[in-house]
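Whatever order the structure lists ligands and atoms in, that order sets their numbers, starting from 1.
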Amino acid sequence: MIRPALVPPPVPPLAFSPEVAEARAAGAPLVALESTIITHGMPFPQNVETAARVEAAVRAAGATPATIAVIGGRIHIGLTAEELDRLGRAQGVAKLSRADLAACLVSGRTGATTVAATMICARLGGIDVFATGGIGGVHRGAENSFDISADLMELAETPVTVVAAGAKAILDLPKTLEVLETRGVPVVAFGQDDFPAFWSRSSGLAAPLRMDTAAEIAAAHHMRGLLGLPGGQLVANPIPAAAEIPRDEIAPHIEAALAEAEAQGIAAKAVTPFLLQQIFERTGGRSLAANIALVLSNARLAAAIARELAVIAR
Ligand code: PSU
Ligand code: MN
């Protein structure tokens, strides 16, 4: 017999914060934000401070932030300051991707959403634009490990425009671009020809597409909807010049971090958080300062895109 507690409700368990509920009712522009960057991407207390600053940046740019996480078996779209703080301090929070979301919800547990899971939740909440740091991608050595982030498949399936500073430079960027092309995901460099590489403005690889205004990105998002195309767009916004760590400078730290991961046998979901932590230590915290600067910049661009989309929808 099915235990009554496990019979799911007829609708997904969404919990909107008062701020987000009000914005939705008014048709005001919204920007989704993820929570894995808080629980697995940055150390405490910079994680909580950054999350609050990113939300403030979205508001200052004229949109409403909706930080997404699963808390107590419900998808929270918009977190209170207290919920953010608790999530940022918590130890051992689950990292939820597409594969884990339903299981976490029925278990009544708490988990942080990756890019993939945040896209799914944003769509459920009617949010078209999402800002993060860097998406997951094809890991180096994927020809042996098969480690390809579910973020790439999600971009092909779920119609949300994701603003990131490219893909993290710990990855195999040419293979990441190949998978995105195969899956029909538009990869749009913002304001330059090169695909950015997270901590660095340039990867040395040309981006497939370039756009120079938020209005053009919003129009393309809308056009994809008219065409009935599933999937979103990846907007690759280069890190602000003042905060960048040039490619040649970060490269040896990335190599050392990858070697350490290999030596310690780090695998699966642990790889990305481990590498970010290693690079943080090896750069004396400079990678974190860069990460914070690029997320803030992505939040501002995402807000501008969300505002343009709200104009189109009117
Ligand atoms: N952006 C950051 N820091 C992060 C992430 C993004 O600046 O930690 C997270 C996102 O949640 C992304 C995840 O989905 O890293 C990728 O994990 P994986 O490589 O295991 O798919
Ligand atoms: Mn992986």
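Contact check for Thr39 versus Lys95: no side-chain heavy atoms found under the 4.5 Å cut-off. Leu296 places a side-chain heavy atom less than 4.5 Å from the side chain of Val54.
Below the 2.8 Å limit, the Mn ion (ligand 2) has as protein N, O or S neighbours Asp147 OD1.
The only option from Thr118, Thr113, Thr114 that meets the side-chain hydrogen bond (donor to acceptor under 3.5 Å, both in side chains) definition with Ser35 turns out to be Thr113.
Applying the 6.0 Å contact sphere to CD of Glu82 captures no more than 12 heavy atoms from other residues, nucleotides or ligands. Atom CD of Glu255 sits in a crowded spot, with more than 12 heavy atoms from other residues, nucleotides or ligands closer than 6.0 Å. Around atom CZ of Arg109, no more than 12 heavy atoms belonging to other residues, nucleotides or ligands sit under 6.0 Å away.
Hydrophobic cluster membership of Val48, counting Ile, Leu, Val, Met, Phe, Trp and Tyr whose side-chain heavy atoms lie under 4.5 Å apart directly or via other members: Phe44. Other residues sharing a hydrophobic cluster with Leu227 under the 4.5 Å side-chain heavy-atom criterion for ILVMFWY residues are Met223, Leu226, Leu229.
For ligand 1, the protein residues placed under 4.0 Å by at least one non-hydrogen atom are Glu34, Thr36, Ile37, Gly41, Lys95, Thr114, Val115, Thr132, Gly133, Gly134, Gly136, His139, Ser149, Asp151, Lys168, Phe198, Thr272, Leu276, Asn291.
No hydrogens or angles considered: a donor-acceptor pair under 3.5 Å links the side chains of Glu154 and Thr158.
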